[in-house]
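Working notes for the structure below.
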Protein chains: 2
Amino acid sequence: MFSKATEYALRATIYISQKSSVEKKLSLTEIAEAIDSPPSFTAKILQLLTKDNCVIHSVRGPNGGFYITEKDKHLPLKKILEAVNENDLFDKCILGLKKCSETKPCPLHFQYKPIKQELIHLFQTNTIQDLSEKADNESLFINNAI
Amino acid sequence: MFSKATEYALRATIYISQKSSVEKKLSLTEIAEAIDSPPSFTAKILQLLTKDNCVIHSVRGPNGGFYITEKDKHLPLKKILEAVNENDLFDKCILGLKKCSETKPCPLHFQYKPIKQELIHLFQTNTIQDLSEKADNESLFINNAI
DNA sequence: TTAATTAAGGACAAAAATACCTTTAATTAG
DNA sequence: CTAATTAAAGGTATTTTTGTCCTTAATTAA
């Protein structure tokens, strides 16, 4: 479904949202360990998320690390997909046809359409906070229960 | 959503289903041109589909080529995904967590579940024939209208 | 001010997916 | 039987994705 990069981005953001605050920043090492991802690659992905402070914030130096503001917790998951350039995922034709459209639909177009809508809806309506609350309740990511 | 390999497999099968019969086999060249795919790569994918006659049949030599039987047109699209080893696509956790399950769900698990079910349903209930009929009606693949 | 710590940024490496090419095998027509 | 045609099979090349490493910049604490 998603690329590794996107999976790590979503998992990292959920974890950061659960555990961080302006007072308590998380190091790359902790994040990568918690979400079971390669640290160096994860660093690259976090760079995309911190670019222009779009989702995550970062501070260098001792006691530095990554964190998210309360305000940004209300961003939809879609924002994360955009940050890692996987936003057009749900726009594409399921058969990969460039010219597939409402007027020139592929054979799966109208059956896939409502499913696509639900996927878009899922990522537009769920906020980062929504997900991190669920993760809390359901104890995923906690104690490395991956 | 799908890999290029899977897209080509689906498109090729639909095209073969529309245009071929035991009497009228289609050459690799014709298929690749019609579905707008790289011929050599398409050849590899067709090999997967013809392996053990699982979906498509092939005959070598003059007037040889690829075709599908009426019987095999009633196979579900799922069969094509299996042939190109992309069958587990809809089994995986959307966040890529190995341990995600009903009892230990990821934060998106229960929201993604019904969508996943619809995707599975789509590929299990639609047959190759269903799709090629739609393609006929909606004129995709016809006259290279890709 | 200096040393330590942490992310940023760039270059590089490995793996996987995609695409190409050449030879071989099967089949058919002459 | 021979030549032509077409897919099968294997190896190779390219591109993309994934992953690593090293140096630089920022920040903090002593």
Side-chain angles (χ1 to χ4, degrees), chain A residues 1-13 15-16 20 22-33 35-68 81 83-86 88-89 92 96, chain B residues 1-13 16 20 22-33 35-68 81 83-86 88-89 96:
Chain A
M1 180 91 217
F2 288 132
S3 65
K4 287 291 173 195
T6 301
E7 287 179 2
Y8 299 154
L10 288 166
R11 277 148 62 179
T13 304
Y15 183 74
I16 292 167
S20 84
V22 184
E23 304 86 47
K24 187 173 180 302
K25 303 179 190 70
L26 309 176
S27 73
L28 169 65
T29 311
E30 174 180 348
I31 296 166
E33 195 164 339
I35 69 167
D36 189 29
S37 66
S40 305
F41 190 45
T42 306
K44 294 295 181 195
I45 293 153
L46 287 174
Q47 279 178 36
L48 295 172
L49 296 172
T50 53
K51 189 100 176 179
D52 306 320
N53 289 329
C54 80
V55 180
I56 304 293
H57 294 253
S58 70
V59 177
R60 292 197 258 202
N63 303 313
F66 300 89
Y67 68 97
I68 186 168
L81 302 189
V84 296
N85 305 310
E86 193 142 24
D88 58 342
L89 178 70
K92 288 189 221 156
Chain B
M1 179 92 217
F2 288 130
S3 65
K4 288 290 174 193
T6 301
E7 287 179 4
Y8 299 157
L10 289 166
R11 275 149 60 180
T13 304
I16 292 167
S20 83
V22 185
E23 305 86 48
K24 186 173 180 304
K25 305 181 188 71
L26 309 177
S27 72
L28 170 66
T29 312
E30 174 181 349
I31 295 165
E33 194 164 341
I35 70 167
D36 190 29
S37 66
S40 306
F41 190 46
T42 306
K44 293 294 183 198
I45 294 153
L46 287 174
Q47 278 177 36
L48 295 173
L49 297 172
T50 54
K51 189 102 174 176
D52 306 319
N53 289 329
C54 79
V55 181
I56 304 293
H57 295 253
S58 68
V59 177
R60 292 198 260 201
N63 302 314
F66 300 89
Y67 68 98
I68 187 169
L81 302 189
V84 295
N85 306 310
E86 192 141 26
D88 59 342
L89 178 71

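Numbered from 1 within each chain, the chains take letters A, B, ... in sequence-line order.
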Exercise. Among C:dA8, D:dT27, C:dT27, which nucleotide sits nearest the side chain of B:Val59?
Worked result: C:dT27
For this session: May I have the distance from B:Leu28 (atom CG) to C:dT27 (atom P), rounded to whole angstrom?
Result: 18 Å
For this session: Assign B:Ser3 to base, sugar-phosphate, or nothing according to its heavy-atom contacts below 4.0 angstrom with the strands shown.
Result: sugar-phosphate
Seminar exercise, completed: Side-chain contact check for B:Pro62: nearest option of C:dT28, D:dA26, C:dA19 is C:dT28
For this session: Could you state the atom-to-atom distance from NZ of B:Lys25 to P of D:dT5 in whole Å?
Result: 17 Å
Exercise. Whole Å only: how far is the CD atom of B:Gln47 from the C1' atom of D:dG10?
Worked result: 10 Å
For this session: Could you tell me the separation between the CG atom of A:Leu48 and the C1' atom of C:dA7, rounded to a whole number of Å?
Result: 14 Å
Seminar exercise, completed: Correct closest heavy-atom pair for A:Leu28 and A:Pro39 would be CD1-O, 3.6 Å
For this session: Examine D:dG19: is either OP1 or OP2 under 4.0 Å from a nitrogen or oxygen in the side chain of A:Tyr8? Give yes or no.
Result: yes
Exercise. Parallel under 30°, tilted from 30 to 60°, perpendicular over 60°: which one fits the rings of B:Phe41 and B:Tyr8?
Worked result: perpendicular
For this session: Find the distance A:Lys4:NZ to C:dA15:P and express it as a whole number of Å.
Result: 16 Å
Problem set entry | Atom pair CD1/OG1 of B:Ile56 and B:Thr50 - distance to nearest 0.5 Å | 8.5 Å
Exercise. Expressed in angstrom and rounded to an integer, what is the separation of A:Ile56 atom CD1 from C:dA8 atom C1'?
Worked result: 16 Å
Exercise. Between CD1 of A:Ile35 and CD1 of A:Ile16, what distance do you get to the nearest 0.5 Å?
Worked result: 8.0 Å
Seminar exercise, completed: Assert: residue with more 5' nearest nucleotide on DNA chain D, out of A:Thr42 and B:Phe66, is B:Phe66
Seminar exercise, completed: Rounded to whole Å, CG of A:Asp36 lies from C1' of D:dT18 at a distance of 15 Å
For this session: Round to the nearest Å and state the distance from B:Ile45 atom CD1 to D:dA9 atom C1'.
Result: 15 Å
For this session: Indicate yes or no: at least one non-hydrogen side-chain atom of B:Leu49 is less than 4.5 angstrom from one of B:Phe66.
Result: no
For this session: Just compare C:dT28, C:dC20, C:dA8 and give me whichever is closest to any side-chain atom of B:Asn63.
Result: C:dT28
Exercise. If you check every side-chain atom of B:Lys44, which of C:dA19, C:dC20, C:dA29 has the closest atom?
Worked result: C:dC20
For this session: Supply the atom-to-atom distance A:Thr13 OG1 to A:Leu46 CG, rounded to the nearest 0.5 angstrom.
Result: 7.5 Å
Seminar exercise, completed: Among D:dT27, D:dC21, C:dA8, the one nearest any side-chain atom of A:Thr50 is C:dA8
Problem set entry | From D:dG19, C:dT18, D:dA7, nucleotide with atom closest to B:Phe41 side chain | C:dT18
Problem set entry | Pairing nucleotide - D:dA30, Watson-Crick or G-U, each distance under 3.5 Å | C:dT1
Exercise. Hey, does B:Ser58 reach any base, or is it just sugar-phosphate, or nothing, if we go heavy atoms under 4.0 Å?
Worked result: sugar-phosphate
For this session: Would you classify B:Leu26 as touching base, sugar-phosphate or nothing, given that sugar-phosphate means primed atoms plus P, OP1 and OP2, and contacts are heavy atoms under 4.0 Å?
Result: sugar-phosphate
Exercise. Is A:Ser27 touching bases, backbone alone, or none of the nucleic acid, heavy atoms closer than 4.0 Å?
Worked result: sugar-phosphate
Seminar exercise, completed: DNA chain D nearest-nucleotide lookup for A:Ala5 and B:Ala43: closer to the 5′ end is B:Ala43
